[in-house]
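When a residue number appears, it is its place in the shown sequence, counting from 1.
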Amino acid sequence: MAYYYPEPSHTFSEYLLIPGYTSEDCIPDRVSLKTPLVKYRKGVEEPALSLNVPLTSAVMQSVSNDTLAIALAKEGGISFIFGSQSIENQAAMVARVKGYKAGFVTSASNLTPDATLADVLALKAKNGFSTVAITEDGTANGKLLGIVTSRDYRVSRMEPSDKVSDFMTPRSKLVTAPKETTLKEANDIIWAHKLNSLPIVDENDHLLYFVFRKDYASHKENPLELLDDKKRYLVGAGINTRDYADRIPALLKAGADVLVIDSSEGYTCWQEKTIKWVRENYGDTVKIGAGNVVDRDGFLFLAKAGADFVKVGIGGGSICITRETKGIGRGQATALIEVAAARDEYFKETGIYVPICSDGGIVHDYHMTLALAMGADFLMLGRYFARFDESPTNKVMVNGAYMKEYWGEGSARARNWQRYDMGGDKKLSFEEGVDSYVPYAGALKDNVGMTLAKVRSTMCNCGAMSIPELQQKAKITLVSATSLVEGGAHDVVLRDPSRNTAQ
């Protein structure tokens, strides 16, 4: 007969944290939210990839494009660019994130001296960059002959046919630096000469990179920004279990730092085969997460298959209707608690710590702290990020209020059949997601800052200054239905009915 769990499954709203002792050293500004992204030998080595804040954005058309990925990386988290698009388009998004900000940037806009002002303007419109390198052969690493910036021309007083050679800043007037220059030295040169950009050249005067003044300023404004060893933003990408042999090489070539198999249910042979293919072709150099699972068996299956992290959660997303459509899933808190125990069990047996990602079920900011306390190493959020300026969807007026469009990958609008692939026909047989709106919330930076301030403050209430310490010290209690009512404003008439209760 079927196995019946003796206890009902619970979600985050059914729990509260009990305060612990807070010392004078435990203040929010000192709390570290750094957390591992991929598996490692805990206590022996550092993880190959870590997050500075425990936030990732969901693999969704309505959430994770290059614009949001850049904004989130500035705050210390990472986005997984959605895979329900062509390989070329997804790779292009990844490349734009990797090229957006770096200490040493390979020139993305290049022309020859014979080009015209019209060519400069067309290139600027295409790439969005105002600095154009003028090289002998028009390539990113050709011999440097000059530079064109917006200060070198005035469209109203020039003809589109004017030659670049007539208005560029020539090589003789450029300040450059040799290839041995460090980033600190480059920034010192920029400030000393009041430059906006500094070309880095080799011994034959071939252009290697640019260092930009704005990148230095950006780092000062975003001290937690998530960078690789070349000072580029980290970015992830979603894949499926069908075209991975073609998609993965393109994403890696574009610069993707980490991959994740995007699926509503991960305890399958298809995910095992996908991970096996990655290991056979790339070994451990390519980092790939898997999921989603909701119990011990599912986690151990993916961990043993070689997943670098495992996502937890089925049916808890605000736009997900998998539970009501198929009757599959589990309360997010209960699922997370069991998987976290399995993660610790696996670590004790193998010495390998496989991070887990709580995906779905986050309604309020305090749910994030609860999820971390229950064992999540980081969180994946869809609706939370869909509300912001940087998400790819339209801002619309609905009943007098600004909203952002938000739809699930299992909706007819997304038609991401690969996410629900069971080895059958290439089509979406029925919907597992809805098409909806979420309240518009403004800029990502402001909202993430406020959310993480709440997380840090709550951690201090628990006497914890890091996520591992929170997981060790947290005391968590189930609450009754009456307690839920008591937890909000009650028995009063609110003067201001607009309260920020949902994220």
Side-chain angles (χ1 to χ4, degrees), residues 33 35 37-38 49-85 90 93-94 96-98 100 222 224-226 233-239 251 256-263 287 289 291-292 309 311-313 316-320 355-363 365 367-368 371-372 376-393 404-409 414 416 419 433 436 438 440-452 455 503:
L33 294 178
T35 190
L37 177 61
V38 296
L49 295 173
S50 294
L51 302 173
N52 290 330
V53 301
L55 304 181
T56 69
S57 66
V59 193
M60 300 175 68
Q61 295 174 9
S62 55
V63 179
S64 295
N65 67 341
D66 50 310
T67 306
L68 190 123
I70 291 166
L72 182 52
K74 287 181 179 179
E75 302 308 311
I78 195 169
S79 290
F80 288 90
I81 304 294
F82 69 93
S84 52
Q85 59 179 321
Q90 188 185 19
M93 284 189 181
V94 169
R96 285 198 289 272
V97 178
K98 299 305 292 185
Y100 177 81
N222 304 289
L224 292 177
E225 60 184 354
L226 196 62
Y233 286 135
L234 262 63
V235 62
I239 64 168
L251 293 173
D257 298 285
V258 59
L259 307 172
V260 66
I261 303 173
D262 178 34
S263 175
K287 306 303 181 184
N292 287 17
F309 65 85
K311 290 204 296 158
V312 181
S318 60
I319 42 68
C320 183
I356 57 176
C357 168
S358 181
D359 178 16
I362 300 293
V363 179
D365 286 344
H367 289 172
M368 298 185 191
L372 295 172
D377 295 283
F378 57 95
L379 318 172
M380 179 168 280
L381 306 166
R383 181 181 61 161
Y384 178 84
F385 288 115
R387 304 171 302 139
F388 302 149
D389 288 321
E390 295 85 355
S391 75
T393 62
K404 291 275 282 186
E405 295 177 320
Y406 180 46
W407 60 92
E409 289 296 293
N416 183 7
R419 190 174 196 273
S436 64
V438 288
Y440 168 67
L444 180 147
K445 182 179 182 66
D446 297 336
N447 285 275
V448 166
M450 178 62 72
T451 292
L452 295 182
V455 172
Q503 303 299 329

A.B. asks: Ignoring hydrogens, what is the shortest heavy-atom contact between Gln61 and Trp407? Give both atom names and the distance.
C.D. replies: OE1-NE1, 3.1 Å

A.B. asks: Start with the C-alpha distance between Met93 and Val235, add both sets of side-chain angles, then the distance that settles side chain to side chain contact (heavy atoms under 4.5 Å, CB included), and finish with yes or no.
C.D. replies: CA-CA 10 Å; Met93 284 189 181; Val235 62; over 6 Å; no

A.B. asks: Of all the heavy-atom pairs spanning Gly382 and Val63, show the shortest one and how long it is.
C.D. replies: O-CG2, 3.6 Å

A.B. asks: What's the spacing between Ser57 OG and Met380 CE if we round to 0.5 Å?
C.D. replies: 7.0 Å

A.B. asks: How many angstroms lie between CZ in Phe388 and OG1 in Thr67, if you round to the nearest 0.5 Å?
C.D. replies: 14.5 Å

A.B. asks: Quick check: does any side chain N or O of Thr56 sit under 3.5 Å from a backbone N or O of Leu379, one acting as donor and the other as acceptor?
C.D. replies: yes

A.B. asks: Kindly compute the distance separating CG (Leu51) from CG (Leu224), expressed to the nearest 0.5 Å.
C.D. replies: 11.5 Å

A.B. asks: Which atom names give the shortest non-hydrogen contact between Arg383 and Ile362, and what distance separates them?
C.D. replies: NH2-O, 3.6 Å

A.B. asks: I need the minimum non-hydrogen distance between Phe385 and Ser391, along with the two atoms involved.
C.D. replies: O-CB, 3.6 Å

A.B. asks: Can you classify the ring geometry of Phe309 versus Phe80 as parallel (below 30°), tilted (30 to 60°) or perpendicular (above 60°)?
C.D. replies: tilted

A.B. asks: Under a plain distance cut-off of 3.5 Å, with no hydrogens placed, do Ser62 and Thr393 share a side-chain donor-acceptor pair?
C.D. replies: no

A.B. asks: Could you work out, with side-chain hydrogen bond (donor to acceptor under 3.5 Å, both in side chains) as the rule, every residue matching Asp66, not counting sequence neighbours?
C.D. replies: Arg96

A.B. asks: Output, in order, the C-alpha distance, side-chain angles, deciding distance and verdict of side chain to side chain contact (heavy atoms under 4.5 Å, CB included) for Leu452 and Glu75.
C.D. replies: CA-CA 10 Å; Leu452 295 182; Glu75 302 308 311; 6.0 Å; no

A.B. asks: Please name all residues satisfying side-chain hydrogen bond (donor to acceptor under 3.5 Å, both in side chains) with Lys287, sequence neighbours left out, ordered by chain then number.
C.D. replies: none

A.B. asks: Could you state the interatomic distance from OG (Ser50) to CZ (Phe378), rounded to the nearest 0.5 Å?
C.D. replies: 10.5 Å

A.B. asks: For the pair Leu55 and Met368, evaluate side chain to side chain contact (heavy atoms under 4.5 Å, CB included) and give the outcome as yes or no after the intermediate values.
C.D. replies: CA-CA 9 Å; Leu55 304 181; Met368 298 185 191; 4.2 Å; yes

A.B. asks: Is the backbone of Met450 close enough, under 3.5 Å, to the side chain of Asn447 for a donor and an acceptor to pair up by distance?
C.D. replies: no

A.B. asks: Could you check whether any side-chain N or O of Gln90 sits under 3.5 Å from a backbone N or O of Ile81, counting only pairs where one atom can act as donor and the other as acceptor?
C.D. replies: yes

A.B. asks: Side-chain contact test, heavy atoms from C-beta onward, threshold under 4.5 Å: evaluate it for Asn222 versus Lys445 and give yes or no.
C.D. replies: yes

A.B. asks: Quick one: CG on Asn52 to CG on Leu37, what's the gap to the nearest 0.5 Å?
C.D. replies: 11.0 Å

A.B. asks: Indicate yes or no for a side-chain donor-acceptor contact from Ser64 to the backbone of Val59 under 3.5 Å, with no hydrogens or angles considered.
C.D. replies: no

A.B. asks: Side chain of Lys311, backbone of Ile356: donor and acceptor closer than 3.5 Å?
C.D. replies: no

A.B. asks: Atom CG in Leu49, atom CG in Leu226: separation rounded to 0.5 Å?
C.D. replies: 8.0 Å

A.B. asks: Please find the pair of heavy atoms, one from Ala69 and one from Val97, that lie closest to each other, and give the distance.
C.D. replies: CB-CG2, 3.8 Å

A.B. asks: Indicate the atoms forming the closest heavy-atom contact of Pro54 with Asp377, along with that distance.
C.D. replies: CB-O, 3.7 Å

A.B. asks: Could you list the residues that satisfy side-chain hydrogen bond (donor to acceptor under 3.5 Å, both in side chains) with Asp389, not counting sequence neighbours?
C.D. replies: Tyr440

A.B. asks: So does Gly313 get a backbone contact from the side chain of Asn292, meaning a donor-acceptor N/O pair under 3.5 Å?
C.D. replies: yes

A.B. asks: Checking Tyr233 against Asp257 for the side chain to side chain contact (heavy atoms under 4.5 Å, CB included) test, could you report, in this order, the C-alpha distance in whole Å, the side-chain angles of both residues, the deciding distance, and whether it holds?
C.D. replies: CA-CA 9 Å; Tyr233 286 135; Asp257 298 285; over 6 Å; no

